[in-house]
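Input: a single structure, listed below in structure tokens.
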There are 2 protein chains.
Amino acid sequence: MRATASAHATDSLDARDKILATAARLFAQNGFENTSLSQVAREANVSKALIFWHFDSKEALYRSALRKTLEPYFINMDALEGLSARGQVECVIDQFYEFVDQNVYSVRFFLGLALRGETRPDEGLTRVVELYRAFRNNLTDIIDSGRQRGEFRADADSTREAALILSTLGGILIQQFMTDDTSPSAKQLVDYLKRSVVQRLTSAPDAGPAAGRPD
Amino acid sequence: MRATASAHATDSLDARDKILATAARLFAQNGFENTSLSQVAREANVSKALIFWHFDSKEALYRSALRKTLEPYFINMDALEGLSARGQVECVIDQFYEFVDQNVYSVRFFLGLALRGETRPDEGLTRVVELYRAFRNNLTDIIDSGRQRGEFRADADSTREAALILSTLGGILIQQFMTDDTSPSAKQLVDYLKRSVVQRLTSAPDAGPAAGRPD
DNA sequence: GTCTATATACAGATAGAC
DNA sequence: GTCTATCTGTATATAGAC
């Protein structure tokens with residue numbers, strides 16, 4: 001690590017950090033190809049050459065910026081202790097929502113990466129996928145233990161249930177990006193999701209399939 | 001429209017259509033900024049200049065290609081007639097899934113557009129959003145009429161229910177793009193979704209909120 | 001470390017022959 | 001309609017002064 005006087009504003013960071021912060025912002029906003037080093041240099045108030053002195057190439061800068069963006073990406077499971085299984089499920093859902101809410105820009109960015117199946121130095125994308133999987137495994141475990149403790153119905157399918165919940169959360173996320181104002185807000189949908197999940201997990205087993213669907 | 005001998009392979013189309021087909025493919029695969037006209041020209045086996053003769057600019061080409069990509073984007077509601085409300089809900093869900101499955105590439109592309117809040121000649125994006133909204137309104141109506149006919153529980157919230165279903169479907173979609181092999185397949189999730197929706201809509205009203213969640 | 005000036009490549013777009 | 005040749009802008013990256 002480099003020794004640097006700590007500061008609070010982008011303006012008083014040393015040049016390298018200013019470049020990094022600017023690049024992280026621009027890459028997240030406009031993507032890799034659509035962000036030029038001239039733009040980074042201009043907005044960071046440095047010369048283009050200085051970027052190449054600190055980072056070997058545009059790709060190297062991108063990798064560093066990505067690492068910086070990923071810093072707040074982690075799961076805190078402390079809040080779960082002492083809750084009922086039902087409370088834990090609701091808590092994880094809330095955590096996911098809050099996390100996304102606090103990281104809209106970068107989440108949006110990473111989602112875009114995943115969508116285009118980027119060949120870029122991915123390093124970052126895999127970490128996001130891991131985080132997603134961690135959330136899901138977390139939910140699976142909670143549902144399983146809730147089932148074993150008799151809080152949830154005995155025939156609950158924890159794997160699919162967890163996957164469905166995460167899918168729905170992800171869907172609520174992208175539904176926001178569609179900026180479709182006629183639809184319920186994300187917060188409302190998350191609440192509705194929590195209620196229906198609890199209902200699904202605690203109610204008596206249902207009647208089974210049927211209801212003819214010809215094609 | 002221009003009079004042209006019809007043909008079956010890209011190779012035997014006239015130059016304009018070859019350009020259009022190539023451009024549609026490349027734009028969908030790599031996006032607007034990341035697709036160069038040189039690339040289009042090379043893969044379509046024409047000169048760059050010819051592209052400008054047929055289309056005024058790169059943006060004009062993009063618009064035309066977008067229109068071509070959007071051709072299969074429509075809803076067919078004929079299959080719904082004569083089904084029970086439950087069958088209709090399941091049918092719309094299946095339709096959505098099948099549609100996405102048959103248009104993965106372009107759906108992926110449009111999702112990417114929505115994500116980055118593209119400023120490009122959007123024309124296409126709005127149509128996609130409209131299609132999404134149509135699916136949702138369709139569901140809302142079905143749930144409402146099912147409720148009025150006593151097939152669904154009287155306190156069903158059609159608006160939120162429809163929005164939640166579409167969110168989940170969208171989430172299942174992007175979850176596939178995360179290429180997370182440890183998760184259930186999309187088909188499985190859609191089936192699970194259908195079952196849980198039916199359960200939710202037909203079961204007796206649940207107990208209400210509660211289940212403490214401190215933070 | 002930070003700059004100005006420059007090299008090199010390729011983008012979108014035009015001119016004009018055929 | 002289709003081409004080759006070329007213009008002009010801007011991109012990444014380097015050289016070398018301070």
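Basis for what follows: all heavy atoms, side chains included, without hydrogens, waters or symmetry-related copies. Protein chains get the first letters and strands the later ones, always in sequence-line order, with residue 1 at the start of each.
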Is the cationic atom of A/Arg127 (NZ for Lys, CZ for Arg) positioned less than 6.0 Å from the six-membered ring centroid of A/Tyr73 and within 45 degrees of its normal? no
Is the distance between the ring centroids of B/Phe27 and B/Phe109 less than 6.0 Å? no
Across nucleotides 4-18 of chain C, 5' to 3', mark each nucleotide with B, S or - according to how protein heavy atoms within less than 4.0 Å reach it. B------SBBBB---
Take the protein atom CH2 of A/Trp53 and the nucleotide atom C1' of C/dT2, then report the distance between them rounded to whole Å. 9 Å
If you define the side chain from C-beta out and look only at heavy atoms, does anything of B/Thr159 sit under 4.5 Å from B/Ile143? no
Under a 4.0 Å N-O cut-off, is there an ion pair linking B/Lys187 with B/Asp101? no
Find the distance A/Asn45:CG to C/dG1:C1' and express it as a whole number of Å. 16 Å
Given the rule in the salt bridge (Lys or Arg N to Asp or Glu O under 4.0 Å) test, do B/Asp191 and A/Arg160 qualify, once you have shown the distances and angles that lead to the verdict? CA-CA 10 Å; B/Asp191 281 339; A/Arg160 285 184 195 171; over 6 Å; no
Separation of B/Asn34 atom CG from D/dA11 atom C1', in whole Å? 13 Å
